[in-house]
There are 2 protein chains.
Amino acid sequence: MANFHYNPHISVDCVIFGFDDERINILLIKRKQEGKNIYALPGDLVRKGEDLDHAATRVLFELTNLQNLYLEQFKTFGSPDRINDPLDIEWVNSIREHPEVRVITIAYNSLVKVEDVEFAPASFAEEVLWHPIDKPQKLAFDHNDIANTGWAMLREKIKREPLIAFSLLPEKFTLRQLQTLYEAIVGSSLDKRNFRKRMLRNKFLVALEEKQSGVSHKPAQYFKFDEAIYKEDFAKDQWFLF
Amino acid sequence: MANFHYNPHISVDCVIFGFDDERINILLIKRKQEGKNIYALPGDLVRKGEDLDHAATRVLFELTNLQNLYLEQFKTFGSPDRINDPLDIEWVNSIREHPEVRVITIAYNSLVKVEDVEFAPASFAEEVLWHPIDKPQKLAFDHNDIANTGWAMLREKIKREPLIAFSLLPEKFTLRQLQTLYEAIVGSSLDKRNFRKRMLRNKFLVALEEKQSGVSHKPAQYFKFDEAIYKEDFAKDQWFLF
DNA sequence: TTGGGTAAGTGTATTCATTACACTATCTTT
DNA sequence: AAAGATAGTGTAATGAATACACTTACCCAA
């Protein structure tokens, strides 16, 4: 790690969401400690003089090699006893210059297209993995609280501004992918015909020439999300899916 | 100020909303400096070992003498140059033990019933006043940013969960008051008959025996918000006004 | 080449909520 | 007793949401 000065009181943690055409996953960091696998959200201390959003952007970039991602601060966690598991305390003692100070962490949600991610041989991560958001997994520190809150707030946010869900899809996608994504977000299944009817009302969904190939059934048409059309023709809340 | 130990790195600021039957206002603190009136949001440093929510609750209580208010953290402001106005710097130098450290502040929205507020002769406030949220007013530090963000997020929040708007109304209120409140939130006027029709679908609005008196026109009926009925009969999103 | 498997793609009728809109009722004041 | 002021009320038209079943196009295997 280069010779940066860190503010020992403030950190950022990132809940990074990705969609694999089936479920929504988050990125976790795995570390080995006393023979156990410990999972945690990616995060880092904020540097002296560094803006909070910048710190989050930096963590994301170091981990995924991506920039200009959807990124939103969603809550700050500052309970004085955020760190109380002996293993976590030991870990903090081993990596922090000032392990005794109270750290408050600003949590961010981020959305990535999984196929764009290039896992860097990250300096601070032993292993990085995608974990389904709806599959329970004990995390270090208060990261279960952080991840659950982030997921709840993301769902609310997307219900209000469904636009941002497109950050989770590839450039071209089928309506089936889009529907599966929305089903994962609302947590229930939707009627195919009604879903298409509503979606295709939105002019910013444009059909491409291209079709699926190599699938053993009628190939689906690809669509893209046209941001220019979206911005021209649609005020923020002129469309609502839910 | 009692002999508490403060964490010099972390503060909370509160955007406290009140409704006066006409407009929505926020609570501001006025200080005099070099002959000028400077306005700021109420806030304080967090104490050592104190939870963030506790600090916000404490600021609210010291200021309004109220407890159990609607309170929600909405964003953390941590730009390294949050404090750059010379007057603000001078002020910070005069009151802070460690004026040079970078302070990040966790901002909270809070809703109060204005008639319940008893302004305490607050230790840290020279004067406290209600200021209309839609009337521009330069504030100290980055408090304009904080107040504007808080107001925007409150509006979004209430559109999703209109329930919480009742925290701004007295125990008993008329439908006209309720409508004016919603108009202030959405920023446009609503049709009276349609508004009543939709509102009265919600069983948790119960008519009281009592009517207005002393008004020089047909007196309006009073209603109350029945939280028990709300909780029994209504899932969170079974009603939506917007 | 043909038949079976599989998901894509399509339309209509019903129900329900939203909107637009104007007059009467009840109290106070003069 | 009349004037002023706001409360309180109903209906018709429009548009959105829902429920629901069959045909199409491709791959694969026999």
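In this text the structure is predicted, and so the values were computed from the model without any measurement. Residue numbers start from 1 in every chain, and the chains themselves are labelled A, B, ... in the order their sequence lines are given, proteins ahead of strands. For the numbers below, each heavy atom of this structure counts, side chains included, while hydrogens, waters and symmetry mates do not.
Annotation: cation-pi pair A:Lys197/A:Phe195 absent, no NZ/CZ under 6.0 Å from the ring centroid and within 45° of its normal. A cation-pi arrangement is not found for B:Lys30 relative to B:Tyr39, the charged atom failing to lie both closer than 6.0 Å to the ring centre and inside a 45° cone about the ring normal.
Contact check, B:Arg201 against C:dT18: a side-chain N or O comes under 4.0 Å of OP1 or OP2.
The pair A:Lys224-A:Glu171 does not count as a salt bridge, with every side-chain nitrogen at least 4.0 angstrom from each carboxylate oxygen. Using a cutoff of 4.0 Å between basic side-chain nitrogens and carboxylate oxygens, B:Glu156 and B:Arg160 are not scored as salt-bridged.
For A:Arg193, there are no salt bridge (charged side-chain N to carboxylate O under 4.0 Å, His left out) partners at least two apart in sequence or on another chain.
Partner of B:Tyr108 under the side chain to side chain contact (heavy atoms under 4.5 Å, CB included) criterion, out of B:Asp13, B:Val15, B:Asp53: B:Asp53 alone.
Taking atom NZ of A:Lys211 as the reference point, atom C1' of C:dG9 lies 10 Å away to the nearest angstrom. Rounded to whole Å, atom C1' of C:dT19 lies 9 Å from atom CZ of B:Arg198. Summarising the geometry, the separation between CZ on A:Phe195 and P on D:dA19 is reported as 16 Å, rounded to the nearest angstrom. Distance A:Gln179 CD to C:dA7 P: 14 Å, rounded to the nearest Å. Atom pair A:Gln177:CD and C:dG9:P shows a separation of 11 Å (rounding to whole Å applied).
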Close N/O contacts between protein and nucleotides 6-11 of chain D (under 3.5 Å):
residue : atom : partner  : partner atom : Å
D:dA7   : O4'  : B:Lys218 : O            : 3.3
D:dA7   : N7   : B:Lys192 : NZ           : 3.4
D:dG8   : OP1  : B:Gln221 : N            : 2.7
D:dG8   : OP2  : B:Arg196 : NH2          : 2.6
D:dG8   : N7   : B:Lys192 : NZ           : 2.7
D:dG8   : O6   : B:Lys192 : NZ           : 3.4
D:dT11  : O4   : B:Lys197 : NZ           : 3.1

